[in-house]
**Student:** 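Got a structure for you, questions after.
Computed from heavy atoms alone, side chains included, the values below leave out hydrogens, waters and symmetry copies. Letters A, B, ... are given to chains in the order of the sequence lines, protein chains preceding strands, and every chain is numbered from 1.
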There are 2 protein chains.
Amino acid sequence: MAGSMPVSIADVAKKARVSISTVSRVLNRRQLVNEKTRVRVEQAIRDLGYRPNAFARGLMLRRSEMIGLLLPDLHGEFYSEIIRGANAQARELGYNLVLSSARDGDDSHALLRAMQQRTLLDGVAVMVSELTDRIQEALAGFALPLCVLDAEVDGSPHDSVVIDQRQGAVALMRHVTQRAGWRRIIFVGGHETNVDTIARLEAYLQVLAERDLPLVPGDVYHLDYQYDTAYALAAERVRSWAGPGHGVFAANDEMAAGIVAAATAAGVAVPQELAVVGFDDTRIARMTRPPLTTVRVPMAKMGARAVELLCQRIAEPQRPPTRISLQPELIARESCGAPGVRLRAQA
Amino acid sequence: MAGSMPVSIADVAKKARVSISTVSRVLNRRQLVNEKTRVRVEQAIRDLGYRPNAFARGLMLRRSEMIGLLLPDLHGEFYSEIIRGANAQARELGYNLVLSSARDGDDSHALLRAMQQRTLLDGVAVMVSELTDRIQEALAGFALPLCVLDAEVDGSPHDSVVIDQRQGAVALMRHVTQRAGWRRIIFVGGHETNVDTIARLEAYLQVLAERDLPLVPGDVYHLDYQYDTAYALAAERVRSWAGPGHGVFAANDEMAAGIVAAATAAGVAVPQELAVVGFDDTRIARMTRPPLTTVRVPMAKMGARAVELLCQRIAEPQRPPTRISLQPELIARESCGAPGVRLRAQA
DNA sequence: GGCTGTGTTGAAAGCGGTGTCAAACGGGGG
DNA sequence: CCCCCGTTTGACACCGCTTTCAACACAGCC
């Protein structure tokens, strides 16, 4: 096996009685070297436990086969899925993933650090939670191949992958108004400035208008995406919400689960007396009774496509910027009260 | 700003009318260079948008300031927390994290790849789901600074961070037998070969013996850690499980949640007629009614300590191997039926 | 035999930094 | 005036690899 001192290409060359050029050729372009020589060199490589030095290699080749993934946070299943999809795709394409997270206060710092070591990374995929001017500017001036997740930077020449939140929410609203026959819909969102909540609320308003349903101002709530607060709110209001054709559109599964639990505890039957739908299709959606009708947001796919786009750009830097829009998928389960059709309930 | 061609240290030197040595000194050891010169060089660096090439730098310094994190999988909150803790600690110490996952079939391949590029990584933290001989061997022969998570490799000179699963499970069992007065305990585990399940089952047996409680063979089940299967099992058995002083010890929160739901649906009151406890303290634990008594496993801390250990070893390769054992924390909530004491329920 | 082509190899020039060493400079003391 | 010494600077030798480019051997051809 290998000794403890690092083995260089010169050591291999000496042992195999060839020049370092030949060793290098065996490593990179085997067909250029005579078979007998090649076998001898390969044997020497094995004997010495030689591994090429990636720095030296990268210095010549100007590629590290590493790409960066910069996320706003790493907490929870949401980001976990992005990472998972991105990692799988990166491996598939022969790249490794360098992970970093930039919380809001910290993000410019993280971006700068990522840029600083830019010569070590072949490209970067970035997801930002909010698009401040400073970030916009940093992204626009980015020298490296870049792919932006779930946001678009105006006038930047970069690739991006977005999820059509609005479309998914519209599909959900149409499902509950048409298939399930809801006529009064309570909206429970996250914070008013949250981009996802905004998109879902817009869809809510749009479909209310489409279906000529009245907008009751008191029926729109803004919470914090947490189970507990949704449970508390519902525990208080659920009796006044209940009624035939009444339903709650919660902006995520966690709040929807809280509402289902509170309703059940208060003796309000779901979905008969009050229907409920969620959003995201996290594991929680299948753990309520009845299971939640929700919208699956393809996070893993988003990560994967971003990496794919990024690697394409690395290979072909001059290619015009691409924008991929991913469609969320309606997952119809029992909680919305639609008749029998468990469309993709087992998916 | 920078032109599109890469700017090298020579460009900066020429622009500042100094030698490249001086530029290098400004970059690394500012105090060795005259202030007027330094200002001129710094100006040139800014004007040109110069960034040092990390490959060239690494080639001399033999460090990349990157460490690898190799996990069995990336799915779910469990790994998400490890990654989060590891990333935060790495950032803290000036390192970046390179992520990889090695599913079971694939793991040796991933390990080898990680080793192949070993000259690019300063060290690696590895978590393995099962310790096969092949993996054991690969780890033992690892040439790079290495830290093993949640497992120990016999006779290897490497650092490790483990969680004292057994201890946590014992604490939980003692809590339910002493504080909550359980006298018959149904154990619902994951697969029989799963290391975590094994540790928890051992604790179960140990405390049964301590407390002179009978071991009923039919009361030990092996499922798959999933909500659905636990729900299904409990739906069938819950009436026969119910009784005063009876309780279920599920090996994770998800199965515990399924059992609580099935019991409630069957009209069995939790915890009065059947108490339930889980394990892991995931978000689910606070979403059941009543909330679950469980054991918090400090995943984020494990990730962080592993990175810390790894970086220490990188700095001081000859240091003797360290082993850190992390204690899980008992989280007492209502589902176990212990009188009033909500120890750290709000934590 | 001389010429052209093909297969195989080695010497050497980078790639872009860091570190060593010696030179240049200037000031103070003898 | 010369010597010594501290400060500041530049020349240059690496680090380990890839990649020309030329050399060489040997074949087939005129």
**Student:** Judged by atom type as modelled, is there a donor-acceptor pair below 3.5 Å linking the side chain of B:Arg25 to the main-chain atoms of B:Val33?
**Tutor:** no
**Student:** Once you apply a heavy-atom cut-off of 4.0 Å, does A:Ser24 come out as touching a base, just sugar-phosphate, or nothing?
**Tutor:** base
**Student:** Produce a footprint string for nucleotides 5-15 of chain C: one letter per nucleotide, 5' end first; B if the base is under 4.0 Å from any protein heavy atom, S if only the sugar-phosphate is, - if neither.
**Tutor:** ---SBBBB-BB
**Student:** Would you confirm whether A:Ser64, through its side chain, and A:Leu120, through its main-chain N or O, come within 3.5 Å as a donor-acceptor pair?
**Tutor:** yes
**Student:** Just the table, please: protein N/O against nucleotides 24-27 of chain C N/O, every pair under 3.5 Å.
**Tutor:**
none

**Student:** Does any N or O in the side chain of A:Ser80 come within less than 3.5 Å of the main-chain N or O of B:Leu74, such that one atom is a donor and the other an acceptor?
**Tutor:** yes
**Student:** Distance-only, no hydrogens or angles: does the A:Asp11 side chain make a donor-acceptor pair with backbone N or O of A:Ser8 under 3.5 Å?
**Tutor:** yes
**Student:** Residues two or more places apart in sequence or in another chain: which of them pass salt bridge (Lys or Arg N to Asp or Glu O under 4.0 Å) with A:Arg305?
**Tutor:** A:Glu308
**Student:** Chain A on DNA chain D: first and last contacting nucleotide, 5' to 3', under 4.0 Å to a heavy atom?
**Tutor:** D:dG16 to D:dT19
**Student:** Is a side-chain donor or acceptor of A:Asn87 paired with a backbone partner of A:Ile83 at a separation under 3.5 angstrom?
**Tutor:** no
**Student:** Would you mind checking if A:Glu42 and A:Arg46 are paired as a salt bridge, meaning a charged N to carboxylate O distance below 4.0 Å?
**Tutor:** no
**Student:** I'd like to know if A:Arg84 pairs up with A:Glu81 as an ion pair, taking the criterion as any Lys NZ or Arg NE/NH1/NH2 lying under 4.0 Å from an Asp or Glu carboxylate oxygen.
**Tutor:** yes
**Student:** Consider side chain to side chain contact (heavy atoms under 4.5 Å, CB included). Of A:Pro320, A:Pro321, A:Pro145, which one does A:Asp159 pass it with?
**Tutor:** A:Pro321
**Student:** Which angle, rounded to 10°, do you find between the first-five-pair axis and the last-five-pair axis of the helix from C:dG1-D:dC30 to C:dG30-D:dC1?
**Tutor:** 70°
**Student:** OP1 or OP2 of C:dT18 sitting under 4.0 Å from any side-chain N/O of B:Arg29?
**Tutor:** no
**Student:** Taking everything shown except B:Gln31 itself, do over 12 heavy atoms lie less than 6.0 Å from its CD?
**Tutor:** yes
**Student:** Partners of A:Glu92 by salt bridge (Lys or Arg N to Asp or Glu O under 4.0 Å), sequence neighbours excluded?
**Tutor:** none
**Student:** Specify the separation, in whole Å, of atom CG of B:Asn28 and atom P of C:dG19.
**Tutor:** 6 Å
**Student:** So, A:Arg313 side chain and A:Pro317 main chain: donor-acceptor pair closer than 3.5 Å or not?
**Tutor:** yes
**Student:** Does the distance from a Lys or Arg side-chain N to an Asp or Glu carboxylate O, for A:Arg62 and A:Asp122, drop under 4.0 Å?
**Tutor:** no
